Asks: 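One structure, pasted below without further comment.
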Amino acid sequence: MSEKLFESLDLGFGIYHTKMPGHTPGPGRVFSSLIIGSEKALLIDTGYGIGDYRAYVESLTDKPLIVVNTHGHIDHASGNCQFEEVWMNPKDYALADWHTSLETRRNSKDIGDYVDLLVDGPYKRLPLEEGVTFDLGDRTVTAYNCAGHTHGSMSFLDSKSHYLFTGDNITRRVLLLGVISSTTLEEFRQTLLHTKTLSFDKIVAAHVPYLMEPSWVDKVLDIVENFDPQRGFTPPRNFGLKVPNVTPTEYTVGDGFDDPEYCGFVYDGAHLEEFLEGFTLKK
Ligand SMILES: [Zn+2]
């Protein structure tokens with residue numbers, strides 16, 4: 001049964017991008033990524049914790065698994081309990097406790113009809129930080145700070161494919177929803193500048209079913225640096241997320257997820273001053 005819940009895109013180089021069950025507001029779907037080396041395999045994210053994902057992963061590889069999280073959100077870290085140990089940035093531990101709890105998931109529209117398939121249980125967290133490198137045998141994967149979407153967001157660079165796995169933090173539309181769960185715009189800008197110093201050939205984002213070009217970082221950076229609060233609008237398109245005391249406000253170019261050029265971010269329009277702390281507006 002678990003086989004039918006999961007299906008994967010083959011991204012080449014022994015990399016599978018698995019569409020996870022559950023429905024994310026906005027882009028609609030979320031992927032976890034599996035990188036298979038000659039000695040070990042690295043799993044990036046574990047979805048909503050619906051069904052036996054571990055059995056599915058073990059149908060793709062018989063190598064010992066290392067599991068990491070791009071960040072602590074409900075659709076990325078809720079299946080962690082199916083594995084003994086998971087690497088996560090400690091800055092996202094509290095966020096993950098809230099987001100991945102059975103109560104949060106049972107009450108989430110994202111889970112839909114899958115409520116009876118939710119898995120839960122304890123696992124050990126290992127502290128992920130910039131520079132931690134995972135040796136998979138014929139390839140290594142290195143973690144980098146990628147704060148913005150969450151304070152503990154991380155990206156992962158694979159030495160074989162030269163793909164950079166960015167989770168939700170460098171993607172079509174980045175959610176920067178209030179400085180409690182996300183960073184300021186300036187911190188996100190610093191992340192984009194930091195990411196530009198890395199050498200990679202493609203971006204693999206968690207809600208995008210295809211490879212993105214490295215130039216996407218420049219595109220996001222350009223939009224960030226030319227941020228004009230006058231052009232922010234509310235409510236955002238295709239946005240079902242409700243966050244207490246946050247007024248989600250969209251700042252994008254392009255016409256929505258069907259437009260390949262669609263790019264930008266969603267921020268808390270009611271707390272603009274906090275969001276812009278340390279940032280210099282051009283206009
Ligand atoms: Zn997220």
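Being a predicted model, the structure only gives us computed values, none of them experimental.
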Asks: So, the side chain of Ser78 versus the backbone of Asp75: is there a donor-acceptor pair under 3.5 Å, distance only?
Replies: no
Asks: Do Asp135 and Lys40 meet the salt-bridge criterion of a basic N to acidic O distance under 4.0 Å?
Replies: no
Asks: Can you say whether the rings of Phe227 and Tyr267 are parallel (under 30°), tilted (30 to 60°) or perpendicular (over 60°)?
Replies: perpendicular
Asks: Are Asp92 and Asn69 linked by a side-chain donor-acceptor pair shorter than 3.5 Å?
Replies: no
Asks: Donor-acceptor pair, distance only, cut-off 3.5 Å: does the side chain of His151 make one with the backbone of Asn89?
Replies: no
Asks: Check whether the side chains of Thr166 and Ser155 place a donor and an acceptor atom closer than 3.5 Å, and report yes or no.
Replies: no
Asks: Rounded to the nearest 0.5 Å, how far apart are NE2 of His73 and OG of Ser153?
Replies: 7.5 Å
Asks: Can you confirm whether Asp113 is buried at CG, in the sense that more than 12 heavy atoms of other residues, nucleotides or ligands lie under 6.0 Å from that atom?
Replies: no
Asks: Strictly distance-based, threshold 3.5 Å: is any side-chain N or O of Arg29 a donor or acceptor partner for the main-chain N or O of Met20?
Replies: no
Asks: Which pairs pass ring-ring contact (aromatic ring centres under 6.0 Å, His included) with one or both residues in residues 127-147, sequence neighbours excluded?
Replies: Trp87-Phe134
Asks: Taking the side chain as every heavy atom from C-beta outward, state whether Phe200 and Val217 have any pair of such atoms under 4.5 Å apart.
Replies: yes
Asks: Can you tell me if Ser8 and Tyr56 form a side-chain donor-acceptor pair at under 3.5 Å?
Replies: yes
Asks: Would Glu103 and Arg106 pass as an ion pair if we require N to O under 4.0 Å?
Replies: no
Asks: Identify whether the distance between the nearest side-chain nitrogen and carboxylate oxygen of Lys91 and Glu129 falls below 4.0 Å.
Replies: no
Asks: With sequence neighbours excluded, tell me which residues meet side chain to side chain donor-acceptor pair (under 3.5 Å) with Arg231.
Replies: Tyr251
Asks: Which residue is it: Asn226, Leu185, Leu276, Asp228? I am looking for the one with a side chain to side chain contact (heavy atoms under 4.5 Å, CB included) to Leu281.
Replies: Leu276
Asks: Hey, is the main chain of Gly269 close enough, under 3.5 Å, to the side chain of Thr249 for a donor-acceptor pair?
Replies: yes
Asks: Determine whether a donor-acceptor pair (N or O, by modelled atom type, separation under 3.5 Å) exists between the side chain of Arg139 and the backbone of Phe13.
Replies: yes
Asks: Could you tell me whether the side chains of Asp45 and His76 share a donor-acceptor contact shorter than 3.5 Å?
Replies: yes
Asks: Does a side chain donor of either Glu213 or Ser215 reach within less than 3.5 Å of an acceptor in the other side chain?
Replies: no
Asks: Is there a donor-acceptor pair closer than 3.5 Å between any side-chain N or O of His71 and the backbone N or O of Gly152?
Replies: no
Asks: Where the side chain of Arg105 meets the backbone of Tyr48, is there a donor-acceptor pair that is under 3.5 Å apart?
Replies: yes
Asks: Treating Thr142 as the side-chain partner and Thr133 as the backbone partner, does any N or O pair qualify as donor plus acceptor under 3.5 Å?
Replies: no
Asks: Would you call Arg125 and Asp97 a salt bridge, using N to O less than 4.0 angstrom?
Replies: yes
